[in-house]
Amino acid sequence: MRTPPLTAGALALTALLATGCSGGADEGGADSPQSPAGVQPTASPSVTAGIFMVPGESRAAITYDETAVPEGATSDVQVRTQEGTTFVQFTGTGLEADRDFGAHVHTRPCGEKPEDAGPHYQNEQDPAADAETPSTDPAYANPENEIWLDFTTDSAGAGTASATVPWEFREGEANSLVLHERHTATEHGEAGTAGDRLACVSVAF
């Protein structure tokens, strides 16, 4: 589900940045798996705001492609769960303007390499998939069984997307949101794929 750019999530991110609530690893923020350097979660709804940095400078919001996701671009991930339903929204600013992005929730935290985030989180796991062969079966790789947040940035490089699914994450099994180079494919054998991994935000969903 796509929502207009610069929603309340973007305003919340602006407020966080203005008050110094989100910064680099040397700015004194909490430094734990739930709140890694450069990302600060806040009260309900769960909000994780971050500033993209190059690998080695952040464990929280990492860019692997500085053209698509320049260093200093921002991310805001909001998560709400209620009575078996989960809502996730991503808002980005300072990204490459007027281009498509794919975005999905992945199983592992961000790392030095794009592949460190592992495969997509699936509510019902594809029994035919493994670490070397991610799920591309549309029976499992679909926006009802995964979190897909495809969006297109505006002329200022801002974009947002949200998704609502009728299930909740299993504790400890969803740990990042990855930005990809294009919108997500749906056809058999390609389902769930969206090209190279451009950036990653560690989020303890």
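- Applying the side chain to side chain contact (heavy atoms under 4.5 Å, CB included) criterion to P119, with sequence neighbours excluded, gives T107.
- Evaluation of the side chain to side chain contact (heavy atoms under 4.5 Å, CB included) rule for E112 yields P55, D116 as partners, not counting sequence neighbours.
- The side-chain hydrogen bond (donor to acceptor under 3.5 Å, both in side chains) contacts involving residues 188-200 comprise nothing, where partners must be two or more places apart or lie in separate chains.
- Annotation: salt bridge (Lys or Arg N to Asp or Glu O under 4.0 Å) contacts of R170 (sequence neighbours excluded): E173.
- In this structure a side-chain-to-backbone donor-acceptor pair under 3.5 Å is present from D150 to T184.
- Using a distance-only test at 3.5 Å, with no hydrogens or angles considered, no donor-acceptor pair links the side chain of Q78 to the main chain of V47.
- Judged as a disulfide bond (SG atoms under 2.5 Å apart), not a single pair has a partner in residues 126-158 (not counting sequence neighbours).
- F169 pairs by the ring pair (Phe, Tyr, Trp, His ring centres under 6.0 Å) definition with Y121, W167, F205, not counting sequence neighbours.
- Judged as a side chain to side chain contact (heavy atoms under 4.5 Å, CB included), and not counting sequence neighbours, the contacts of D98 are S155.
- Using cut-offs of 30° and 60° on the angle between ring planes, the pair H120 and H106 is perpendicular.
- No more than 12 heavy atoms of other residues, nucleotides or ligands shown are found within 6.0 angstrom of CD on E171.
- Under the rule for a side chain to side chain contact (heavy atoms under 4.5 Å, CB included), the partners of A68 that lie at least two apart in sequence or sit in another chain are D65, E96, R99, F101, L198.
- The disulfide bond (SG atoms under 2.5 Å apart) analysis of residues 127-205, with sequence neighbours excluded, yields the pairs C110-C200.
- Counting only residues at least two apart or on different chains, no disulfide bond (SG atoms under 2.5 Å apart) pair has a member in residues 150-190.
- With hydrogens and angles ignored, the 3.5 Å screen pairs a side-chain donor or acceptor of N145 with a backbone N or O of E124.
- Sorted by first then second residue, the ring pair (Phe, Tyr, Trp, His ring centres under 6.0 Å) pairs that include residues 68-100, not counting sequence neighbours, are F90-F151.
- Every residue two or more places apart in sequence or in another chain was checked for a side chain to side chain donor-acceptor pair (under 3.5 Å) with T63, and none qualifies.
- A distance-only check finds no donor-acceptor pair linking the side chain of S58 to the backbone of I51 [under 3.5 Å].
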